[in-house]
Amino acid sequence: MKKFFPTVAFIAVALISLTMAGFAYFATQEAARIKFEATADDALNRIDSRIDLHLSLLRSTQALFDARNGGISRGEFKAFFHALGINDNFAGLRGIGFLRLARAGDEAAVERAILHDYGTSHAVYPDTTLPWRTPIMLFEPLDASNQSSIGYDMFTDPVRREAIEKAMADDQQHATGRVQLGQETGAAQTFTGFLVFVRLNVETAPDGIDASRSSTSGFLYAAFRARDLFQTALSRTPLLPVNIEIYDGKVDADHLLFQSETPPVSTFGDRLLASRKITIAGRPWTILFRPTSAFSQPSSRAIPVMLGLFGLLLAGTIALVARYQERAYDAVSLLHETTEKSLLEKDLMLQEMKHRIKNSITRVLAIARQTASHATDVHEFSSSFSARLQAMAASQDMLTRSRWQKADLGDLLRIELGQVFGKELPEGILSGPEVLLDETTTQALGLTFHELATNALKYGETGNSVGSLKVDWSVEGRRRDRTLVLNWREVGQKKLEAPVKTGFGTKLIDLNVTRELRGTINRDFHDGGLSVEIRIPLSG
């Protein structure tokens with residue numbers, strides 16, 4: 001078995017190291033996913049807030065009509081929108097208009113109203129067999145490119161009619177599907193966009209909507225140019241490293257409202273594809289987000305590779321040390337032929353060394369695994385792991401100076417607290433009689449004091465004043481029934497509360513005290529701070 005120990009040690013440490021590297025790799029992938037999800041949510045909020053700003057203008061126009069009881073002339077309508085500065089403040093909004101709701105056959109009355117407002121005749125078009133007509137009566141800003149839209153009956157278009165019929169039923173805003181703005185009037189240039197309708201002073205009769213009961217019965221609507229709207233929403237600094245596709249409902253080419261000009265980066269594939277569902281004026285949209293070349297991952301991919309190489313190097317080193325240890329054991333065996341006494345002493349020394357190496361490796365690997373499972377990134381893992389190794393090293397150093405006999409409890413406390421707080425300890429912090437500890441108790445209490453001091457520095461008053469910490473100890477009983485009683489007290493103005501979730505440091509303290517040392521530990525969180533009592537049986 002001894003012959004294969006270096007190989008077994010190499011394989012064991014290599015597997016553990018590669019496993020940790022795998023965990024680190026998946027952690028970097030998850031961190032990238034979380035970062036991109038947050039970026040997608042930021043982009044979604046920009047789009048949603050921009051559309052809501054534009055729809056608030058539609059609500060304001062509705063309030064204007066309600067306040068004037070519908071008595072809005074073309075001149076007043078134009079002055080209202082001129083004061084708002086739509087072109088400067090509402091990029092992507094093509095305009096807001098008013099549709100008159102009339103029954104089929106009442107086109108002549110509608111055309112007279114248009115002639116009165118504009119001074120020129122505009123026919124209601126196109127012809128239809130539908131029972132309702134919704135011609136455009138007012139529209140701003142009205143320029144030469146959309147003059148011909150006056151009189152256009154939106155009820156004749158199936159996409160617009162669907163939204164208008166929904167608006168007939170309630171007072172909510174209702175959006176259309178994807179439309180080509182300007183195509184219905186034969187404009188030279190068309191735009192992909194959508195419209196939003198809201199009912200205005202429509203009264204309901206027993207047989208349905210009676211358009212003759214109000215001179216302003218109809219609908220207000222807003223027309224949006226999709227590309228201008230979404231590019232304006234996304235152009236705020238900082239620019240987001242995302243490619244965006246916006247679909248009306250399901251994802252296919254016929255429902256595409258907008259697609260970013262910056263292409264997505266192909267190296268991520270669909271691994272960082274984020275999909276969001278939102279509802280705009282009662283209409284469901286699907287938005288897909290993909291990272292562009294400007295997206296940077298929160299941590300480097302080289303970290304898992306370096307961690308894996310470091311682990312393999314460590315495994316090789318341990319195997320080499322074990323190999324030399326095996327050769328040393330062979331050399332000691334040869335000395336047995338010279339003197340039995342020398343053989344016994346050296347054999348015991350080698351067995352003790354092997355035992356300590358195995359215990360140290362086991363403890364280091366256990367701490368490494370648990371620290372890695374609780375760390376959020378490699379930096380936190382490195383910091384916590386290094387601190388715990390230093391605590392073990394301090395205990396080992398004390399035992400080495402005493403030639404692995406006994407270590408003084410007071411000296412152990414001074415070393416561990418000095419490492420954590422980085423300063424000279426004031427007089428009166430530590431008090432208690434001389435207590436000599438064996439190897440197991442020294443190593444376990446060294447890690448325990450390190451974790452208690454670290455928690456005090458992070459969460460207690462001790463981070464501001466070391467004097468708020470008091471540690472005293474005493475020994476109860478005699479001879480083989482002696483028990484070490486240690487009291488750790490943190491006082492101050494800060495109220496400490498028991499943590500909701502138990503971290504690895506707390507678990508490590510409990511395992512050291514209850515399992516390693518077969519003792520007990522009690523914590524008392526109160527308004528004045530924290531009190532911890534540790535009771536440990538002492539060996540003879």
The single option from Leu220, Leu99, Thr134 passing side chain to side chain contact (heavy atoms under 4.5 Å, CB included) against Phe197
Leu99
Walk me through whether Val242 and Phe295 qualify under side-chain contact (heavy atoms from CB on, under 4.5 Å).
CA-CA 7 Å; Val242 291; Phe295 178 74; over 6 Å; no
For the atom pair CG (Asn45) and CD1 (Ile278), what is the distance rounded to the nearest 0.5 Å?
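Rounded to the nearest 0.5 Å, the CG-CD1 separation comes out at 10.0 Å.
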Could you tell me whether the side chains of [X] and [Y] share a donor-acceptor contact shorter than 3.5 Å?
X      : Y      : value
Lys250 : Thr286 : no
Thr120 : His122 : yes
Ser468 : Glu490 : no

In terms of relative ring orientation, are Phe224 and Phe194 parallel, tilted or perpendicular, with 30° and 60° separating the classes?
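Judged by the thresholds at 30° and 60°, the geometry between Phe224 and Phe194 is parallel.
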Shortest non-hydrogen contact from Ala222 to Leu93?
CB-CD1, 4.0 Å
Tell me whether the NZ or CZ atom of Arg225 lies within the 45° cone about the ring axis of Phe191 and under 6.0 Å from its centre.
yes
Quick one: does NZ or CZ of Lys78 land under 6.0 Å from the six-membered ring centre of Phe139, within 45 degrees of the ring axis?
no
Is the centre of the Tyr125 ring less than 6.0 Å from the centre of the Tyr152 ring?
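Tyr125 vs Tyr152: aromatic centres under 6.0 Å.
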Between Phe90 and His54, is the gap from one ring center to the other below 6.0 Å?
yes
Would you find more than 12 non-hydrogen atoms of other residues, nucleotides or ligands less than 6.0 Å from Asp127 atom CG?
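Count not over threshold, so no.
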